[in-house]
There are 2 protein chains.
Amino acid sequence: MGRRGDHSIEQIKEMALDAAETIVREQGYHHLSTRKIAKAIGYTVGTLYMVFENLDELILYLNGRTLDQLYEVIEPLVQRQDDPKRCIHEMTHTYLNFALQNRSRWNMVFEHRLPEGKDVPGWYPNKISELFNLLETPLRQLHQGESEQEIALKARVLWSSVHGICALALTHSLQHLGFDSPEPMIESLLKQNL
Amino acid sequence: MGRRGDHSIEQIKEMALDAAETIVREQGYHHLSTRKIAKAIGYTVGTLYMVFENLDELILYLNGRTLDQLYEVIEPLVQRQDDPKRCIHEMTHTYLNFALQNRSRWNMVFEHRLPEGKDVPGWYPNKISELFNLLETPLRQLHQGESEQEIALKARVLWSSVHGICALALTHSLQHLGFDSPEPMIESLLKQNL
DNA sequence: CTATTAATTAAACAGTGTTTAATTTAATTC
DNA sequence: GAATTAAATTAAACACTGTTTAATTAATAG
């Protein structure tokens with residue numbers, strides 16, 4: 001059985017994801033297309049469909065990468081076990097910075113939707129869960145004696161709140177009366193909650 | 001100068017928005033198209049472009065309607081001046097219910113993005129601001145003596161947090177370990193903040 | 001060296017938003 | 001009332017999109 005040895009499937013997969021990442025970074029989510037990706041890696045769309053089920057799956061993997069990168073910049077902050085409040089402040093600040101500096105890709109993570117009916121493979125919400133879990137360590141220190149369920153809930157509520165502030169602040173929604181910057185909003189949130 | 005008297009521009013505008021609303025409600029945001037709208041109102045795409053600048057503008061008006069409807073179900077709750085905490089609980093609960101019962105349209109409000117560079121007309125963030133403002137009345141009662149700036153900030157932080165919880169809970173992000181339901185998360189948020 | 005089999009492509013399909021030129025239709029002017 | 005004029009409306013085109021198909025290329029197996 002003859003296969004063309006230029007690149008392995010794994011290689012093409014990575015090349016495609018790299019190319020897609022660049023396109024999204026430079027042109028934004030809505031300018032991403034299969035033909036652009038294919039052209040960038042020197043193949044045709046057909047090859048893309050050998051490696052990915054469809055564009056949605058490709059984007060899912062790309063978003064997985066973004067979540068991984070976010071994890072990698074936030075995870076090290078958990079080590080600072082001395083001051084949990086400071087730790088949480090740094091985590092939210094890092095999250096915000098990541099969102100700002102990787103705006104297109106971060107947007108894509110939350111804008112992209114699978115067609116009705118299709119739902120995401122298990123590893124995807126797992127990545128998000130792991131991100132949520134990072135908040136549990138400092139929160140456990142802060143609310144000692146509370147159940148793990150309660151800690152997990154608090155972590156998810158806090159992350160979601162920070163996310164909500166970022167999401168609204170970074171889009172059209174809040175450019176009004178000096179509330180366009182998310183930082184003071186997050187400060188206000190943390191002051192109330194910690 | 002001769003115009004065809006079947007419908008006025010205003011009428012066509014409304015018919016188009018009605019039709020679009022139905023399509024989004026029944027088929028979802030991503031199945032909305034100019035040709036479908038045109039067909040539904042018995043006209044051609046060209047007519048649509050006489051009345052709207054483009055599809056983005058049409059969607060913007062449609063989202064404006066959705067925001068108006070949300071305002072109309074939340075505004076009456078502000079009247080209950082006796083118990084601000086209860087008032088806020090009811091407002092968030094109503095928000096959540098609205099999001100659940102008008103999922104496609106509510107999604108569209110937050111999924112739709114104008115092309116880079118183009119930004120929304122002033123009346124749009126105004127509508128969002130008015131929605132935020134509804135929270136200020138009960139919050140003012142709750143935090144007496146604080147500056148108007150502080151109240152406004154708190155209102156925006158609270159709304160954004162509730163939105164973040166809704167947004168993550170209603171999409172692929174949290175279907176995990178019993179956190180798929182936003183209600184207990186919002187309860188937790190309010191317990192901490194009020 | 002031929003047959004097989006898989007990788008790759010070119011082309012097609014059905015859809016999209018938008019623009020253009022052509023065509024109706026109605027009101028205005030002579 | 002008929003000819004003119006201008007606006008409303010359409011049909012068709014353009015340049016895209018994601019995806020599928022059949023054809024082609026290249027490498028391996030016998």
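We find that CG of A/Leu48 is positioned 14 Å from C1' of C/dA7, with the value rounded to whole Å. Between the CD atom of B/Glu57 and the P atom of C/dT18 there is a distance of 11 Å, given to the nearest Å. Atom pair B/His7:NE2 and C/dT25:P shows a separation of 16 Å (rounding to whole Å applied). Here C/dG17 presents its P atom at 14 Å from NE2 of A/His30, a figure rounded to the nearest Å. Note: OH (A/Tyr49) to P (D/dT21) measures 12 Å, nearest angstrom. With rounding to whole Å, A/Met50 atom CE is found 6 Å from C/dT8 atom P. Protein atom CD1 of A/Ile59 is 8 Å distant from nucleotide atom P of D/dG18, rounded to whole Å. Distance A/Lys36 NZ to D/dA15 C1': 13 Å, rounded to the nearest Å.
Within the nucleic acid shown, B/Leu58 has no heavy atom closer than 4.0 Å to any nucleic acid atom. Residue contacts shown for A/Asp6 are absent, as no nucleic acid heavy atom lies under 4.0 Å away. Note on A/Ile12: only backbone sugar-phosphate atoms sit closer than 4.0 angstrom, heavy atoms only; bases stay farther off. At the heavy-atom level, A/Leu32 lies under 4.0 Å from the strands shown only through sugar-phosphate atoms.
Remark: A/Ser33 is in phosphate contact with D/dT17, judged by side-chain N or O atoms under 4.0 Å from OP1 or OP2. OP1 and OP2 of C/dA7 both lie 4.0 Å or more from every side-chain N or O belonging to A/Thr47.
Below the 3.5 angstrom threshold, one finds no donor paired with an acceptor across the side chain of B/Arg35 and the base of C/dG15.
Two residues are said to be in side-chain contact when any heavy atoms from C-beta on lie closer than 4.5 Å; B/Val51 and B/Leu58 fail this criterion. Side chains of A/Glu136 and A/Lys154 form no contact here, defined as non-hydrogen atoms less than 4.5 Å apart.
We find that B/Glu90 and B/Arg86 are joined by a salt bridge, their nearest charged nitrogen and carboxylate oxygen being less than 4.0 Å apart.
Where B/Val45 and B/Ile9 meet DNA chain D, the nucleotide closest to each residue was compared, and B/Ile9 sits on the side nearer the 5' end. For the pair A/His31 and A/Glu53, nearest-nucleotide mapping onto DNA chain D gives the more 5' position to A/His31.
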Requested in this report: Kindly indicate, with the supporting measurements, whether the criterion side chain to side chain contact (heavy atoms under 4.5 Å, CB included) is fulfilled by A/Asp56 and A/Arg113.
Outcome: CA-CA 8 Å; A/Asp56 279 326; A/Arg113 299 268 184 283; over 6 Å; no

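Set against C/dA7, C/dT18, C/dT9, the side chain of A/Thr44 has C/dT9 as its closest nucleotide. Side chain of B/Tyr43, nearest nucleotide from C/dG17, D/dG18, D/dT10: D/dT10. Of the candidates D/dG18, D/dA8, C/dA11, D/dG18 carries the atom nearest the A/Leu55 side chain, counting heavy atoms from C-beta on.
Ring geometry for A/Phe110 against A/His163 counts as tilted: the plane angle lies between 30° and 60°, on a 0 to 90° scale.
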